**Q** 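Take this structure first; my questions come after.
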2 protein chains.
Amino acid sequence: MRVRGDKPAGPYRHSRQRERILELLRDTRAHPTANWLFDRLRREFPRLSMGTVYRNIGILIEQGHLNRCAFGNAFDRLDANVRPHYHFLCDRCDAIIDLDLPIDRTIDTWLGKAGGFVVRRHDLEFRGLCPTCASQA
Amino acid sequence: MRVRGDKPAGPYRHSRQRERILELLRDTRAHPTANWLFDRLRREFPRLSMGTVYRNIGILIEQGHLNRCAFGNAFDRLDANVRPHYHFLCDRCDAIIDLDLPIDRTIDTWLGKAGGFVVRRHDLEFRGLCPTCASQA
DNA sequence: GTTCATGCAAATCGTTTGCACAATG
DNA sequence: CATTGTGCAAACGATTTGCATGAAC
């Protein structure tokens, strides 16, 4: 029996709302928020709800049509190591590990020269298995 | 006149709670959450409140003693470009720009060999001024 | 004694979910 | 017609804030 919140057993059906969400996202390079989609689509679907937007975003990501980028406002972790450094995030144990790789500043200047950007800093994070989890796999 | 939520006009005063927050964060490499600090410190300050934790985190960040890393679990911005690519975030106009830099996979294998990590992917984001804002500065 | 910091509770923001009804295949 | 998708509203978790009281200088 199918329970609340579970993925459907059968294939996804067609939905006009989901179709338009993907179209809108493919037509822009602005990396919109869920709320932007909601405002934009309410013109076409006056009774649209946020639940529908979020549910469809989830499905589209699962289908590989979208990526989510979480720059910022989410769940914060704190770090008293204020020297610049990179991070490794373990997929299995959720550890966040400071790396002591050298910071490569040459890439910043390259980006500035090539594209007209003024680069103040860059952040690099790796994901995968930390040494402990990797040795248990 | 000083209004609610504003920074104090004078210098920050000493606070035992803030002192302990910084001590705890300097004693760990686990990149704790605000809630971890709260649980941990309630033993010493039974009447501690979350408001105090968050306010002090903000002050410590402003003083340069802490960094906040947002490795979000939540949706934030969406991207229909599902090919791997890097991002540039403009400090002034908040634009998020897809970069077509080549993805450098060599660094993944290096990290695996050197430290025993299994690297599945990496994310690289730059911050600074986008070409448009840079030309106006 | 001035004003910054705290505790508490309520408010806020983005996101998720339960449920009854509508749409799809 | 079996089951997925929707709208609505309420629930949620992390964070922020108003306000009266307590602590620092």
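All heavy atoms count here, side chains included; hydrogens, waters and symmetry mates do not. This is a predicted model, so every value here is computed, not measured. Just so we're on the same page: letters track the sequence lines, and every chain starts at 1.
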**Q** Once salt bridge (Lys or Arg N to Asp or Glu O under 4.0 Å) is applied, do any residues pair with B:Arg121, and if so which ones, sequence neighbours excluded?
**A** B:Asp123
**Q** Please state whether the base of D:dG5 and the side chain of A:Arg16 form at least one donor-acceptor pair under 3.5 Å?
**A** no
**Q** Check whether any side-chain N or O of A:Gln17 sits under 4.0 Å from OP1 or OP2 of D:dG7, and answer yes or no.
**A** yes
**Q** Looking only at side-chain N and O atoms, does A:Asn35 come under 4.0 Å of OP1 or OP2 in C:dC13?
**A** no
**Q** For residues 21-30 of chain A, which residues have at least one heavy atom under 4.0 Å from DNA chain D?
**A** none
**Q** Choosing from C:dC4, C:dT24, D:dC8, which nucleotide comes nearest the side chain of B:Ala9?
**A** C:dC4
**Q** Below 4.0 angstrom from OP1 or OP2 of C:dA5, is there any side-chain N or O of B:Arg18?
**A** yes
**Q** Using heavy atoms and a sub-4.0 Å distance, could you list which residues of residues 40-52 of chain A are near DNA chain D? By number, please.
**A** A:Arg47, A:Leu48, A:Ser49, A:Thr52
**Q** Just how far, in rounded Å, is P of C:dT12 from OH of B:Tyr54?
**A** 18 Å
**Q** More 5' along DNA chain D: B:Arg55 or B:Tyr12, using each one's nearest nucleotide?
**A** B:Arg55
**Q** Rounded to whole Å, please give me the gap between CG in B:Asn56 and C1' in C:dA5.
**A** 8 Å
**Q** Does anything in residues 8-18 of chain B form a salt bridge (charged side-chain N to carboxylate O under 4.0 Å, His left out)? List the pairs, not counting sequence neighbours.
**A** B:Arg16-B:Glu19
**Q** Please determine whether any donor N or O and acceptor N or O are separated by less than 3.5 Å between the side chain of A:Arg13 and the base of D:dT3.
**A** yes
**Q** Roughly how many Å is it from CG in A:Leu78 to C1' in D:dT15, rounded to a whole number?
**A** 12 Å
**Q** Measure the distance from CD on A:Gln63 to C1' on D:dT4 and round it to the nearest whole Å.
**A** 13 Å
**Q** Does A:Ser15 make a side-chain N or O approach to OP1 or OP2 of D:dT4 shorter than 4.0 Å?
**A** no
**Q** Roughly, in whole Å, what's the span from NE2 in A:His14 to P in D:dT6?
**A** 10 Å
**Q** What is the distance, to the nearest angstrom, from the CZ atom on B:Phe38 to the C1' atom on D:dT15?
**A** 13 Å
**Q** Round to a whole Å and report the spacing from CZ of B:Arg20 to C1' of D:dA23.
**A** 19 Å
**Q** Please determine whether a side-chain nitrogen of the Lys or Arg among A:Arg29 and B:Asp98 lies less than 4.0 Å from a carboxylate oxygen of the Asp or Glu.
**A** no
**Q** Scan residues 46-62 of chain A for pairs that pass salt bridge (charged side-chain N to carboxylate O under 4.0 Å, His left out), counting only residues two or more places apart or in two chains.
**A** A:Lys7-A:Glu62
**Q** Who are the side chain to side chain contact (heavy atoms under 4.5 Å, CB included) partners of B:Tyr54, not counting sequence neighbours?
**A** B:Ala34, B:Met50
**Q** Are the charged groups of B:Glu23 and B:Arg20 less than 4.0 angstrom apart, N to O?
**A** yes
**Q** Using whole Å, what does the distance between atom P of nucleotide D:dA14 and atom CG of B:Asp39 come to?
**A** 11 Å
**Q** Using the ring of each side chain (for Trp, its six-membered ring), is A:His31 parallel, tilted or perpendicular to B:His85, with breaks at 30° and 60°?
**A** tilted
**Q** Would you call A:Arg42 and A:Glu44 a salt bridge, taking side-chain N to carboxylate O under 4.0 Å as the test?
**A** no
**Q** If the plane angle is over 60° it's perpendicular, under 30° parallel, otherwise tilted; pick one for A:Phe88 and A:Phe126.
**A** parallel
**Q** Return the minimal non-hydrogen interatomic distance between B:Asp94 and B:Asp91, and the atom names on each side.
**A** OD1-O, 4.2 Å
